[in-house]
Each structure stands twice: as C-alpha cells, then as structure tokens.
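Note that the structure is predicted; figures quoted are calculated from it, not measured. Counting starts at 1 for both ligands and their atoms, in listed order.
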Amino acid sequence: MLAATLLLGLRNRPAHSLLICTFNRGTQGLSRHAARTCAVSARAPLSTSCTRRQSEASKIESKTLDVLGTAYATDDWTNTPPAILAKTGRNLLHQPSHPLAILKELIFKEFPTFAHYDSLSPVVSTHQNFDSLGFAQDHPGRSKTDTYYVNQNTLLRTHTSAHQLQLLAAISQGEHNVLMQAKNNFAAPRNERFLVAADVYRRDEIDASHYPVFHQMEGVCTFSREEVRDKIRQATTAERDSRTGDACHSDQVAQMVDATVVGEDNPMQSAHSAEEVAFLVKNMKQAMNDMVVQILTKAVAAQQSSGEVSASGSQTQFPVRWIDAYFPFTSPSWEMEVLFQGEWLEICGCGVMKQEILNQAGMPDRIGWAFGFGLERLAMLLFGVHDIRLFWSSDSRFVGQFSPGRINSFRPFSRHPSCAKDVSFWLPAESTFHENDIMDLVRETAGDLVEGVKLIDSFTHPKTGKGSRCYRINYCSMDRNVTNEEINVVQELVRKRMVEQLGVTLR
Ligand code: FA5
Ligand code: MG
C-alpha cells in the first residue's frame with residue numbers, strides 16, 4: 001500500500017530545476033552527524049531495520065533518491081522517509097476546491113500588486129534555505145533532527161523564506177525564466193513585491209496544529225529609499241510619531257493587542273534610520289492586520305450563515321496579539337498569535353528584512369519587510385477545521401464540503417474514539433536521541449492514524465545515569481473506527497522499530 005501511495009505521490013509535478021541554485025560544496029562547513037537512518041530510496045519498500053548489512057546493501061542499491069521525477073545522489077545526510085516524499089506530489093495548493101487553495105487565492109486577491117508564485121519546487125539547496133538568510137552554522141534548524149535532507153547540500157525547504165534571495169536576485173537581474181513563473185504575469189514591468197505560497201517540510205512534534213508537511217505564504221515588500229524618504233516627508237506629524245506598538249485594532253471580530261516596541265531586545269539594524277523602520281513596520285503591520293481581519297470576518301460570516309454551531313463551539317471574537325520574535329533574516333521581528341478554541345495559535349512570523357539580503361540581491365537602494373504565514377493555521381480559523389491532519393484527508397465527507405472561492409464552516413463528521421498507548425524505554429548509552437526521531441518513526445509506521453505524541457515522563461537513573469523516557473501515542477482515525485487489536489499491531493511495530501532504528505531498550 002505504501003508503494004502505491006508513493007507512486008501516486010510522485011505523479012506529474014514539474015521539477016523546476018531552473019530555480020535550484022548551484023551548490024557551493026566547499027563553503028558550507030556543516031558538521032557531519034553519524035548517520036542513524038538508512039539511506040532511503042523513494043521506490044524502496046519501507047525498511048524496518050538499519051543493520052550494518054542492510055545499510056551496506058542500501059548504499060549499493062539506493063544511491064539516488066527520486067523527488068518529483070529527479071534523481072538526487074544520497075549520502076549520510078539523506079533522511080527523507082517515503083511517507084514524506086509521497087507528500088511532495090500531492091499539490092494541495094493546486095486543487096481549486098481544497099480549503100488551502102481557496103485560502104491561497106483569497107490572500108493573493110488581498111495583495112493584487114504583488115507577483116504571485118505557487119509552483120516553486122520544494123527541493124532547494126542548503127544555501128537557499130539557510131546560508132542566504134544568515135542562519136549561523138550551528139543553528140539548530142540545520143540539524144538532521146529538524147530538517148528533511150535529500151543529501152548534504154539539498155533539502156526539502158523548511159520555509160518559504162528559502163526563495164527570498166533567489167527571487168529578489170532574479171527581479172534585480174531581470175531573469176525572465178524565473179519571473180515568468182509568477183501566476184499573474186508580473187514579470188514585466190519588474191515587480192519588487194511578491195507572495196510565495198508553497199508546501200514546506202519539517203521534522204516537528206505531532207499534535208492537532210503541527211504536521212511535518214504544511215504550507216506557508218511568504219510576503220516580501222520592498223521600497224526604494226527615495227520613495228520612503230518622500231513618503232516620510234509628506235506624512236503629517238501625527239503619522240510620523242506613531243511608531244510600532246500602534247497596531248492595536250478593535251472591531252467586532254478581532255481584538256488586536258500590540259504592546260511591542262523596537263529597542264534593545266528587538267533592535268533595528270544600523271543600516272536603517274528610525275524613520276525608515278517606523279515606516280516599514282507601520283506599513284507591514286497594517287497590511288497583515290487587514291488581511292487577518294478579512295479572514296476572521298469571513299470565518300465568522302461563514303459560521304453564522306451555516307446556522308450550525310460546530311462541535312468545538314462557534315467563536316465569533318478572536319483576540320489577536322503581536323509578540324517579539326527572532327529570525328536570522330529580519331530585525332526587528334515579530335510573531336502574531338490568535339486565540340482559537342482556548343489556545344494561542346501562532347499564525348506567522350515577520351519583520352524588517354536584513355539589509356544584507358537586499359544588498360546581496362543587487363538592491364542596496366531598497367529596504368523592505370517580509371512575512372511568513374502558516375496556511376493551515378489560517379485555514380483552521382477560516383473554515384473552523386480543528387485537526388490539521390484533515391487537510392490531507394481524501395475522505396469525501398471532508399473534501400466534499402468545499403468548493404472553489406467559497407468560504408464555509410466545516411461541519412465535523414462524527415469523531416471516532418481515540419486510543420492511547422504508552423511506550424517507555426532507556427536511551428542508548430551514547431545517545432544522539434532526538435524527540436523528532438520518535439515523531440518521524442511513529443508517523444512513518446502509523447501514518448495519519450496518529451493524532452498526537454507526547455512526552456509524559458522523563459528521568460535519569462541515579463545509579464546507572466541512564467536516561468528514561470515515556471511517550472504517550474494517541475491513535476485516532478479521522479474517518480473510521482479502529483479496533484484495539486488493530487492499534488496493538490501498529491504499536492508493536494512502533495516498539496520493534498524503536499529498538500531497531502533508535503537503539504533504545506524497551507522497559
Ligand atoms: C518561519 O518559517 C519564517 N520563515 C517566517 C518569516 C518569514 C519570518 C519572513 C520573517 C520574515 P516559523 O517557523 O515561525 O517562521 O513558521 C511560520 C509559521 O508557520 C508559524 O507561525 C506557524 O503558523 C506555521 N507553522 C510552523 N510550524 C508548523 C507545523 N509543524 N505545522 C503547521 N504549521 C506550522
Ligand atoms: Mg514561529
């Protein structure tokens with residue numbers, strides 16, 4: 001069944017090889033981790049163990065990994081499992097009735113003067129994803145525990161910011177083969193503002209709002225310094241005085257609170273004047289607030305017109321807050337959170353673009369801001385979807401509820417009972433164990449039957465110094481009842497693979 005999913009998964013998505021930068025092998029200086037995962041071939045069956053003989057064999061048999069029809073050489077960094085590879089061909093953003101595609105179009109419409117990209121390949125270089133954005137060499141995001149690598153120099157993008165420098169450079173140099181990929185033909189005249197909607201991949205925790213493959217909407221908006229100078233000169237004194245922390249906005253649907261300030265903890269860059277930063281921040285927060293208010297207003301209207309209270313209870317008011325954040329490629333930086341069903345849901349990151357990126361792109365006379373929204377998180381708000389796994393469902397009771405251009409409240413179908421299983425183990429002596437190894441292993445074994453994985457106990461043995469962990473795995477199908485016997489079989493396989501692949505000792 002897995003092989004079938006894989007073949008389906010790899011169907012007809014063009015490899016946009018034009019967009020893949022050439023790699024600079026010598027300069028990345030990434031430290032090599034001991035390989036704990038077997039080299040994976042997209043066409044190879046899911047391996048259940050990683051014994052020496054098997055990994056030797058797989059080195060011979062699977063020297064390449066197929067991603068979207070292109071074969072990539074594998075190495076010690078290759079850690080992308082078949083279930084993740086299968087997702088690279090799903091193209092949810094290109095299915096007009098899919099809620100993520102409906103949301104994408106809605107945001108594209110909100111930014112009519114921006115170029116719109118939604119077909120950039122998820123295979124990027126480490127340079128694009130990290131180096132070009134100023135990630136430190138020891139940034140944890142680069143590690144194999146956090147990122148799906150195709151090989152040492154190539155990975156599945158972890159965020160849409162991976163395309164910032166590439167697109168800015170293409171704009172600055174008038175590279176038509178890249179610019180023509182904008183959906184709304186903004187190639188000419190050249191346009192220094194763009195949106196990128198795309199699938200992104202991360203080894204991450206498992207719960208109702210995190211999934212290892214999700215979608216982001218990047219927004220990049222640049223201005224010439226001259227244009228900004230004129231705008232500042234024309235602004236009234238009152239407008240000039242309002243700096244950051246002024247993004248409070250209250251209407252019936254969204255109550256926005258912004259108590260942030262630009263200062264020591266969230267500094268402006270020395271390349272910018274205080275007036276330039278104030279202009280950029282105001283412009284950015286205004287654009288983002290307008291978009292979020294639009295989405296929340298549509299969400300409430302949809303709820304009210306459905307005339308039905310969703311299972312999780314309808315929510316007609318959304319507290320929204322701005323908080324300080326850090327990204328290597330923006331300063332100052334923020335995140336925005338929305339209170340959704342009693343929990344703060346982080347919907348985006350943003351900030352003033354690092355000037356080095358614009359300089360490197362050949363635009364030293366421009367300044368700009370950028371944001372990255374999590375599309376699933378926004379779609380959860382917009383359509384009232386409570387579980388992020390549902391976006392990958394092909395159950396007609398889910399997909400049948402949506403149609404192109406229509407915003408409606410999702411009517412949950414009956415929730416099936418869940419079943420919790422615990423697994424306790426000792427960590428291996430020389431432990432390079434990372435929680436995301438468990439997340440991946442459970443996801444690979446149980447697929448979307450797994451609803452959540454949570455650490456419930458952790459201690460170190462006082463005499464042996466050995467570390468112990470206990471994880472609770474919550475199984476729940478989105479579309480059917482599962483029997484305890486069926487879950488027991490899956491849980492046994494999870495336990496077996498934990499021993500074989502992670503070297504743990506079960507307790
Ligand atoms: C980023 O990815 C930055 N590239 C965003 C950015 C762009 C900052 C431009 C500045 C300028 P972050 O890791 O916080 O940041 O992710 C952005 C959003 O993606 C989050 O706010 C969240 O809404 C969503 N997100 C992150 N991880 C997951 C996940 N595992 N599942 C679903 N959505 C996620
Ligand atoms: Mg974040």
Side-chain angles (χ1 to χ4, degrees), residues 84 87 92 100 103 107 122 124 128-130 132-135 139-142 146-148 156-165 167-168 193-222 266 269 280-281 284-285 287-288 291-292 295 320-338 340 343-355 357-358 368-382 385-392 435-436 439-440 443 452-453:
I84 294 295
K87 296 277 198 282
L92 300 184
L100 292 171
L103 170 63
I107 300 175
V124 299
Q128 282 175 289
N129 202 80
F130 297 124
S132 74
L133 295 163
F135 278 71
H139 191 285
R142 288 181 186 258
D146 284 39
T147 295
Y148 290 112
L156 296 180
R157 76 185 144 222
T158 65
H159 56 168
T160 42
S161 304
H163 299 289
Q164 279 192 12
L165 178 59
L167 288 175
L168 287 168
R193 295 165 185 201
F194 55 83
L195 295 175
V196 177
D199 41 345
V200 302
Y201 298 77
R202 281 186 204 177
R203 300 186 81 207
D204 212 337
E205 56 200 284
I206 300 178
D207 63 25
S209 60
H210 289 83
Y211 201 82
V213 188
F214 58 101
H215 296 78
Q216 287 186 336
M217 176 71 79
E218 189 87 2
V220 168
C221 183
T222 74
N266 199 8
Q269 300 161 55
L280 288 175
V281 172
M284 175 185 80
K285 287 186 171 177
M288 293 171 69
M291 185 188 105
V292 169
I295 287 176
V320 182
R321 66 184 184 193
W322 284 89
I323 50 176
D324 286 339
Y326 168 82
F327 299 100
F329 39 96
T330 51
S331 192
S333 310
W334 292 274
E335 281 176 344
M336 201 183 201
E337 296 184 337
V338 179
F340 178 55
E343 294 202 13
W344 286 105
L345 191 65
E346 184 198 308
I347 56 166
C348 71
C350 64
V352 175
M353 294 179 74
K354 282 277 178 80
Q355 197 56 37
I357 298 175
L358 290 154
W369 54 254
F371 63 61
F373 276 93
L375 285 178
E376 276 79 355
R377 304 275 177 89
L378 287 179
M380 287 170 95
L381 296 168
L382 183 59
V385 173
H386 51 90
D387 185 336
I388 201 162
R389 292 178 302 168
L390 280 165
F391 294 112
W392 296 93
E435 181 163 281
N436 285 347
M439 302 294 167
D440 245 10
R443 185 78 77 183
V453 179

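With 3.5 Å as the limit, one finds no donor-acceptor pair spanning the side chains of S132 and Q164. For the residue pair H163 / R157, a side-chain donor-acceptor distance below 3.5 Å is found, with atom types taken as modelled. A donor and an acceptor atom, one from each side chain of E376 and H215, are located under 3.5 Å apart. One side chain, Y148 or D440, offers a donor N or O that lies under 3.5 Å from an acceptor on the other.
Atoms OG and CG, on S161 and N129 in that order, are 8.5 Å from each other to the nearest 0.5 Å. Here OH of Y201 is found 8.0 Å from CD1 of I84. Values are rounded to the nearest 0.5 Å.
Taking both residues in full, the closest heavy atoms of P328 and K354 are given as O-NZ, 2.8 Å, listed atom of the first, atom of the second, then distance. Shortest non-hydrogen contact noted between L378 and I107 is CD1-CD1, 4.0 Å.
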Put together the list of close N/O pairs, under 3.5 Å, between ligand 1 and the protein, could you?
residue	atom	partner	partner atom	Å
ligand 1	2 (O)	R202	NH2	2.9
ligand 1	2 (O)	Q216	NE2	3.1
ligand 1	4 (N)	H159	ND1	3.0
ligand 1	4 (N)	S161	OG	2.8
ligand 1	13 (O)	R202	NH1	2.9
ligand 1	13 (O)	R202	NH2	3.1
ligand 1	14 (O)	E346	OE2	3.0
ligand 1	16 (O)	Q216	NE2	3.3
ligand 1	19 (O)	Q216	NE2	3.3
ligand 1	21 (O)	E346	OE2	2.6
ligand 1	21 (O)	C348	N	3.1
ligand 1	23 (O)	E346	O	2.8
ligand 1	23 (O)	I347	O	3.3
ligand 1	30 (N)	D204	OD2	3.0
ligand 1	30 (N)	Y211	O	3.2
ligand 1	31 (N)	Y211	N	3.2

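Partner of H159 under the ring-ring contact (aromatic ring centres under 6.0 Å, His included) criterion, out of F135, F214, F327: F135 alone.
Near-neighbour remark for the Mg ion (ligand 2): protein N, O or S atoms under 2.8 Å are E335 OE2, E346 OE2; waters not counted.
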